[in-house]
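Worksheet: one structure, shown below.
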Amino acid sequence: MNASLRTSSTSSALPISSALRISSTSQTPSTETGVSTPKSAEPVTFLEAVRRGIAPDGGLYMPVEIPKPGTEFWSSIAKQDFPEMAARVLNLYLSDDLPFSTIQRIAEDAFSFPVPLKALDDTTYLLELFHGPTLAFKDFGARFMARVYSEMANETDQELTILVATSGDTGGAVASGFYCTPGVKVILLYPSGGVSPLQEKQMTTLGENITALEVDGVFDDCQRLVKMALTDLDIQQSKALSSANSINIARLLPQMLYYIHANAQIPGPVTFCVPSGNFGNLTAGLLAKEMGMPKTEWVAATNSNHVVPDYLNGAEYKGRATIPTISNAMDVGNPSNFERLQALYGWSDAKLRSTLKGGWADDEQTRDTIQQVYEKYGEQICPHTATGIFVSEQLRDRNHPNERTWVIPATAHPVKFSDIVEEATGQNVQLPERVKECLQKEKNTIKISTDEMEFKEWLLSH
Ligand SMILES: *Cc1c(COP(=O)(O)O)cnc(C)c1O
């Protein structure tokens, strides 16, 4: 514990609070919500925020005050390996809830795969975030969260049950992250026929404490069933239920770490250009910046769901209906984490717009970028990563091309979207060994309908 990092008001240290009180940013222009969002929800500890997922007032949890560890901290962690650095950064948020030795053990365990920076040219790097078990950056959040849950499960005798509705990547990451976690049971709900074959195998072949429910419906049905269960009193009484939703603070915090890791390896100024959908990945990066991480600038890249880039370029923020694209993990019309971005900049449009730039790529531009990157650098990239490359080329300062290094997080392995990547590059995508194994296994699911009563009865009897 580092006492100097504690913020002003901490007689009883409570580092996390629901800074946000509105449930829907889409209904109200941001200028008005700014008036109605005092930090009045009761502050809670980190672990309590993890357990609750969402604040009772419907807001998302954010740190009451952002720790600002100073220049010495930033230069000292540059020399450390990823898990060591991760433990020291996370300790700034978790030190009142968990001993440092536990945080170290969690970090070593959760971040046990490489996080390479790959140069495309002198001033463009891919930050490869897909070397975890399910081949997308969501492994960072899910693996960390699982280990935090495991610590919580140690404290009680009651088994924790985690419900997740998924449209693809999240289910696999959560299943893999929580696999064989003692005291924790995971129930995944996914739309039958609505996920890719690889995604389905990643969710349905593990067994043990992971149960996959194949819902005869669409993603929205899965979400509705989960919401019902999380608020149903009979179910609450019989089970300790929780959700591993992407808005959970435990999934957000570890996503700071790879930016810190990358920035420390690059001597000069860096621009991170982040492929974004629900904006958790980008919010985490800006959190690191606001902690004092030196010399970074930030760009949001989206697909045709470009409500945030439009806002950054001066339009009023208004959530829209989702448009399906080939970078489907970014198909979000009204990103939940937008309110976190607003909170981070004191609900000031001017501050947020001066900190963050934005751009977007449509499907054709995305496909062209996949092809061009392959022709120019011999590198296959996934469609999400391609939106980041496209926008980085759009926004780069042509008069001073070598002034900054651009880093684009490669959010998924190209094999997760092999049909698109193979079509654009004319080359097969190599399947990593660790995935071959899971593709050979038998899928094991329980089929359910979209009926709430039926799901409730199933839950109560399992
Ligand atoms: C989830 C996801 C994204 C979007 O990340 P957000 O944090 O929701 O902005 C981008 N790419 C891939 C591959 C993803 O799985």
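Numbering of ligands and ligand atoms starts at 1, following listing order.
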Original post:
Listing by chain and number, which residues have a heavy atom under 4.0 Å from ligand 1?
Top reply: Phe137, Lys138, Asp169, Ser276, Gly277, Asn278, Phe279, Gly280, Asn281, Ala329, Met330, His384, Thr411, Ala412

Original post:
Sequence neighbours excluded, which residues qualify as salt bridge (charged side-chain N to carboxylate O under 4.0 Å, His left out) partners of Lys436?
Top reply: Glu433

Original post:
Do Glu364 and Arg367 meet the salt-bridge criterion of a basic N to acidic O distance under 4.0 Å?
Top reply: no

Subject >> Qualifying ring pair (Phe, Tyr, Trp, His ring centres under 6.0 Å) pairs, either residue in residues 369-392, two or more places apart >> reply: His384-Phe417

**OP:** Determine whether more than 12 heavy atoms belonging to other residues, nucleotides or ligands lie under 6.0 Å from atom NZ of Lys443.
**Re:** yes

Pair up each side-chain donor or acceptor in residues 106-113 with any protein partner under 3.5 Å, not counting sequence neighbours, and list the distances.
| residue | atom | partner | partner atom | Å |
| --- | --- | --- | --- | --- |
| Asp109 | OD2 | Arg147 | NE | 3.0 |
| Ser112 | OG | Arg143 | NH2 | 3.3 |

Original post:
Do the side-chain N and O atoms of Thr134 and Asp139 include a donor-acceptor pair separated by under 3.5 angstrom?
Top reply: yes

